[in-house]
Each structure stands twice: as structure tokens, then as C-alpha cells.
Amino acid sequence: MIRMSNIQKRYGPDFRALKGISLHIRRGEFVFVTGPSGAGKTTLLKMIYCEQKADEGEILVNGRNLSRLRRGSIPYLRRNIGVVFQDFKLIHSKSVFDNIVFALRVIGTPRGDMKRRAWDVLRRVGLQHKINSYPLCLSGGEQQRVAIARAVVNDPAILIADEPTGNLDAAVADEIMGLLEEIHVRGTTVVVATHNMGIVRRMKKRVIRLEDGRCVSDTNAPDAFELDEGEITLVKPSVG
Amino acid sequence: MLVQNLSYFIEEGFRSLRHNRFMSVVAIVTIGFALMIFGAFLIVYSNVQQITDGWIREVEVTAYLREGISDDAADEIKKRLWENREIASVVYVSREQALQRFTSEHADAAYLLEGLTENPLPASFEIGLSREARNREAVERLVAKLGKLPELEGVQYGEEWTKSLLTFLKILRMLGFILGGLLGVAIIFIIANTVRLTVYARRDELAVMRLIGATNWFIKGPFLTEGLLQGLAGALLSVGLLLGMYHFWLPKLQASAGIFFLQNVPLSFLSVEMLLWIMAAGMLMGFFGSLMSVGRFLRV
Ligand SMILES: Nc1ncnc2c1ncn2[C@@H]1O[C@H](COP(=O)(O)OP(=O)(O)O)[C@@H](O)[C@H]1O
Ligand SMILES: [Mg+2]
């Protein structure tokens, strides 16, 4: 589903954010990308939906080679990738419901389907009672749910979430992770960047750990021991 | 889907006009006046053109024959003249016909011919111009050609008038191009500026749209319709202003002895076709103005 080989990314002439990342995420997987702040997690995710272009290396997403993707094709790639942004990126002048409808309109959903699908997805994330609220009137957890609803309303093949539990307290964070798990169970490939190790430990999923732009470990459902923060793991990064 | 998008674009276009009420009104009024100036110029031009068209159409070339050319020889020449593309009609006026015409048209001047034993009038050809020859260059070419025929003695046409009129028209047309160009640039600039404000105010939203899979055209759509609507509204305003000027102000102006040659000449308003062109121009300029503004914000 997502395959990176030797991805390099520079910001400016002498700052390298990613220093040769290779990984392979299969269809239907649930993967955490972890690592300390500044490790390059967000940059890695941005590569997948083409907000940033790699300087070197190759990325295949859903069979498409992103380095050869024409600019005009990027929107169509993105329609297959739902993204939950770290700062949500909701439109503050629109209500919750209109934010979802807008996302559907943007990608050319027939008018007759838009309202029904917006309803369905808002029910799925448990926000049916908040549809007329405006994003800034919602709690962090509720805004996160709207962001998730918008990301999945089009049934994308891939869901990307950047620090989805960032500013949330533990209980709400668990609810959000439950929601992502539900989406995963329906068959969506899910990639979550987080530095919240408590969550990672509880979820028992594949974990890719970045440090300073390098992939330092890639383990399947690791036990707690391997995931102690700051610990140098002995697990070798898998290639490809 | 196209229809759905279009109706969404138009809706959004109106919405942002309402949202930026003040700037939109300023832009529309400015565009209205700019197009009005151009429209007034078009009215003057098309009227002058109509008048000169009438005159040129009436231009008749008269070629006088040398003495001693028989009617048969004249017939030969007539046939040769016919072969010119510029010539639509040739009428032979013999010396006798010329005399008859003179005496009937100038009865009061009959004394001029009294006492003459011989008819002093030459025979001539009255040459009508074909449609494509009704311009100065063609007329002059033809006159030069006729001048070279040995059987002809002299060629006459309403030279001075047509010449200066046609030059005047040419200058007017050039002024029109310059004026139109300057006003066009100004209008595009005005629209680009107002649309830029809208784009700037909503740039975060645009970035989000881009990230959730909107195509560039979808993102640009509402702004393009906004510019288009501004251009159209400005054009409609200008037509209203022109109609007002035409009906209320021009009669007064004509009544006062102010303008020399337009006095008492019935001036016509712009044709429907011209009006449609003005609106199309307004919309087109609106479209390009906003296209200029919106492109720069779509880099994500
Ligand atoms: N647009 C950018 N321009 C310059 N530097 C950037 C940009 N985005 C990220 N960086 C830098 O790249 C590094 C990796 O950033 P990021 O991918 O956001 O890490 P993480 O998400 O793991 O915290 C950081 O040092 C950050 O300062
Ligand atoms: Mg980050």
C-alpha cells in the first residue's frame, strides 16, 4: 500500500529532516510512527499525501509512484487518503456538518448523497448532537472527532493521523484510538504518528520508530520492554 | 457534476460579493465608469463611421473622355473598365446626354451655353464602386489606374472630403485601441485587487481544500465567478449610464451650439451587438483579473 525506499528530505540547503527512510506498509495494516519531537514523523506523513516532495528516493502509494505524479493528479491521490491533521485544519466559519459536507463537495460527491453521508459519518464518531456547532466551540476531543469524520467520510483506502491524541487527556485519547481502531477494522490502512508511548503500548500494533530522520526500529506488536522511551532498542530496522 | 459545481461557484461568487460589500461596490462603480468612457467613445466612433460610410458609398468617380472618341470606341473602353474588380457599374454619358442633363439641371444657367455653336461638354463614364472598393486606398488605386488610360482626359471624385474623413476615422480608431487598452488594464487590475482581498482572507480555507483533494479549478471557481460577476455588474452599470447620457444629456448638448459637426445630426445608440460585446468584455476582464490573483495562493 505504501512503500518508501531510501527517502531523503531536506529543508533548506543543510538541514536534513529524513535521512534515508525505507519501509513498507501493507494494505489493511495499523502502524504507529513514533519518535521524539523533531524526529521527522510529520514530514514522513506529509510525503505520503504529497504535501512535501522527497528530494531523493521513491514512494509508491496505492501503486502510484509519487515522484512521477503530475501536479494535476495530486488531488485524486488525496481523495484516497484521509488525513487527520495535527492542528485539525477545520474551517472555522463553517458548522461541523458543513465542514463534512464541504469535504464531500470538494471532491465532487453528488449533491443527493452529501447530506446522508455526512450524517452517517458524524453518527459513527458520536457527534450527531453537535452538527450545528462551530469547531471553535467544541472541546479538543470533539474537534478531533470532526477531523476524523472528515478524513474518513469518503471511505479512503488509507487514513493518516498526526498526533491524534496530542492535547487530549488519557480517557479521551483512548476513545479516539478506539475510533481509529474501528476504522481499521473496516479495512482501512491506518498510519498514526504519535509520541504518546502509553497509547502505543496499549494498542499492540506495529511500531516504526524514527530518531533524527532515521528509522531506528520497526517492530510488530512489541511488548512494553522494547518500547521504553529513550531506550536503545536492539531490534534491527527491517528493510523494504 | 459540472452543473453542480457551476451552481456552487455562482452561489459562492455572490456570497463573497455580499461579504465584501464595500470593496465590491467600489470596484463595480469604478469599472462601470471606465466602461462608460469606452462606451461613449464607441458611440462617437460608430456614428462617425456611419456618416462616413454613407458618404463613401456615394462617392462616384467620373472619368472624362478625350475629344474625338467615337461612341463605338467608348463602348470598347467601357468593356475594359468593367474588368476591374473595383468597379460595380459604368454608365456612359455621351456629349449630347451631358448637354441635355446640364440644361435640365441648370436651367437658370442656360445663358452660359447661349451663342455656342458647339457642345462644350465632354463625354464621360460614371463609375460606381464595388463594395470592396469603398475605401480610400482602393479609390485612389483605381483613380491612378484610370489616369493612365490614354483615352481618358481626367478623373474626378470627392477627394478632399473623403480623404480627411477617412484619416479622421483612422485616428479615432487608433485612439480607441489605446483608450480600450488602458481602460482594460485598469479594470483587470481593479478586479485582481478586490479578488485578491477575498483570496487572502480565505487562504487557510484554500490550503485545506487543496489538502483534502480539491482540484485547482474547483478552488479557483468561486473566485473566478466573483470576478466575472464584478465585471458583468460593472458592464451593466456602464450601459445604464450610457443610456442615461444618451437620453438626457446628449439632447441638451446637441441643442446648445457646443459641438460642431454633431449638431443636429441624429446620433444612434450602440447596437445590441456592441452592448453584448461590452458585457462580454467586462466578464472576460473579471475572469482574467481574478485568475491573476488566485493562482499565486495555490502552491500546496
Ligand atoms: N517546513 C519546514 N521547514 C523547515 N524545517 C522544517 C519544516 N518542517 C519541519 N521542519 C524541521 O524538520 C524536523 C522534523 O520535523 P517534523 O517532521 O515536524 O518532526 P516531528 O513531527 O517528528 O516532530 C524538525 O527539526 C523541524 O524543525
Ligand atoms: Mg509532528
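Note that these values count all heavy atoms, side chains included, but never hydrogens, waters or copies made by symmetry. Every chain is numbered from 1, with letters handed out A, B, ... down the list of sequences.
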Check: For atom CZ of F33(B), is the number of surrounding heavy atoms from other residues, nucleotides or ligands below 6.0 Å larger than 12?
Finding: no

Next item on the list: Enter the distance from Y49(A):OH to I212(B):CD1 here, rounded to the nearest 0.5 Å.
Entry: 12.5 Å

Margin query: Counting only heavy atoms not in F14(B) (residues, nucleotides, ligands), do more than 12 fall under 6.0 Å from its CZ?
Written below: no

Checklist line | Derivation and outcome, side chain to side chain contact (heavy atoms under 4.5 Å, CB included), residues V208(B) and R150(A) | finding: CA-CA 12 Å; V208(B) 174; R150(A) 184 181 65 184; 3.5 Å; yes

Note to self: Are more than 12 heavy atoms, taken from residues, nucleotides or ligands other than K53(A), located less than 6.0 Å from that residue's NZ atom?
What the structure shows: yes

Notebook entry, point to check: How many angstroms lie between CG in L211(B) and CZ in R78(A), if you round to the nearest 0.5 Å?
Noted result: 5.0 Å

Item checked: R111(A) CZ: over 12 foreign heavy atoms closer than 6.0 Å -> yes

Notebook entry, point to check: How many angstroms lie between atom CD1 of I107(A) and atom OG1 of T215(B), to the nearest 0.5 angstrom?
Noted result: 11.5 Å

Checklist line | Over 12 non-hydrogen atoms of neighbours within 6.0 angstrom of NE2 in H92(A) | finding: yes

Next item on the list: Please report the shortest heavy-atom distance between G213(B) and R79(A), naming the atom on each side.
Entry: O-NE, 2.8 Å

Next item on the list: Quick one: pull up CG in L90(A) and CG in D204(B) and give me the separation to the nearest 0.5 Å.
Entry: 12.0 Å

Note to self: Please check this pair: side chain of Q4(B) against backbone of T109(A), looking for a donor-acceptor N/O pair closer than 3.5 Å.
What the structure shows: yes

Notebook entry, point to check: Can you tell if the side chain of K94(A) reaches within under 4.5 Å of the side chain of E205(B), non-hydrogen atoms only?
Noted result: yes

Checklist line | Gap between atom CE of M209(B) and atom CZ of R105(A) - 0.5 Å precision | finding: 9.5 Å

Next item on the list: Please say whether more than 12 non-hydrogen atoms of neighbouring residues, nucleotides or ligands are located less than 6.0 Å from CG in N167(A).
Entry: no

